[in-house]
**Student:** 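Dropping a structure here in structure tokens format, bear with me for questions.
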Amino acid sequence: MKLILLGAPGAGKGTVAKLLTELDGSVQISTGDILRGAVAAGTKLGKQIESLMKSGDLVPDDLIMDIMAQRLQEPDCEQGFLLDGFPRTIPQAEALKSLLEKLGIELDMAVNLNLEREVILDRLTTRRTCSNADCQAIYNVKSNPPKQEGICDKCGCPVIQRDDETAEAISHRLETYNEKTAPLIGFYENEGLLLNVDAAGSSEAVLTAIGEKLGAR
Ligand code: AMP
């Protein structure tokens with residue numbers, strides 16, 4: 001399947017994407033994970049974007065499009081892909097549309113995960129992430145803590161609170177989402193690709209809604 005996952009930070013895009021990869025071998029592509037990997041590795045790109053990311057600002061569209069134009073042409077994308085955190089602005093969505101047309105790739109749909117601001121704030125302040133750039137497993141101190149406090153179940157590295165998950169950075173990320181990313185809902189509605197899903201329920205309920213829509217196409 002070839003899906004875009006839309007929704008505010010904390011709406012559950014990464015969790016849903018991971019579950020979907022298990023269904024048919026589609027690959028999860030998270031621009032946030034790619035960028036955090038670059039910062040952790042101290043690459044030229046990483047140094048350029050570190051402070052933007054820390055404060056919860058978006059990375060410039062042209063940098064993101066360079067990354068994604070390459071990534072979408074890698075062989076593992078042939079089986080399908082789940083775009084998690086991309087596109088994030090109207091110019092990115094327009095550039096993605098041209099890129100996919102050029103590559104002869106058709107999207108199945110854009111899934112918008114709807115969640116109330118209060119729930120999002122609670123989820124983000126209690127979220128913890130594995131510090132290993134190659135793992136980046138997600139935990140939650142309330143609902144899904146690691147078996148051993150502060151240690152990743154998968155790779156044994158320390159589990160941390162991300163720099164951009166302080167109260168101040170979170171509120172900035174949500175403002176950025178409302179201003180720059182929420183307009184994508186209308187964009188994909190116009191394209192006839194939008195599926196709105198209530199993300200307050202279980203991940204399984206979200207998967208079922210996606211499966212039904214895919215089946216109905
Ligand atoms: P995420 O893990 O998706 O919440 O992304 C974390 C941070 O990475 C964001 O707050 C942005 O600074 C940056 N980022 C991720 N994806 C994008 C994107 N598509 N466009 C611009 N910046 C992005």
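Indexing begins at 1, ligand by ligand and atom by atom, following the structure's order.
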**Student:** Atom CD1 of I210 and atom CD of E212: how far apart are they, to the nearest 0.5 Å?
**Tutor:** 11.0 Å

**Student:** Output yes when a side-chain donor or acceptor of Q73 lies under 3.5 Å from a complementary backbone atom of A69, and no otherwise.
**Tutor:** yes

**Student:** Can you name the side-chain contact (heavy atoms from CB on, under 4.5 Å) partners of K142, sequence neighbours left out?
**Tutor:** D122, T126, N140

**Student:** Please set out all donor-acceptor pairs under 3.5 angstrom arising from side-chain atoms of residues 189-197, sequence neighbours excluded.
**Tutor:**
| residue | atom | partner | partner atom | Å |
| --- | --- | --- | --- | --- |
| E191 | OE2 | K97 | NZ | 3.3 |
| N196 | OD1 | N112 | ND2 | 2.8 |
| N196 | OD1 | N114 | ND2 | 3.3 |

**Student:** Just to verify, what does I90 make a side-chain contact (heavy atoms from CB on, under 4.5 Å) with, not counting sequence neighbours?
**Tutor:** E94, P183, L184, F187

**Student:** Can you list every protein residue that has a heavy atom under 4.0 Å from any atom of ligand 1, sorted by chain and residue number?
**Tutor:** T31, G32, L35, R36, M53, D57, L58, V59, I64, G85, F86, R88, Q92, R162, D164, R173

**Student:** Using a strict threshold of under 4.0 Å (side-chain N to carboxylate O), is an ion pair present between E165 and R173?
**Tutor:** yes

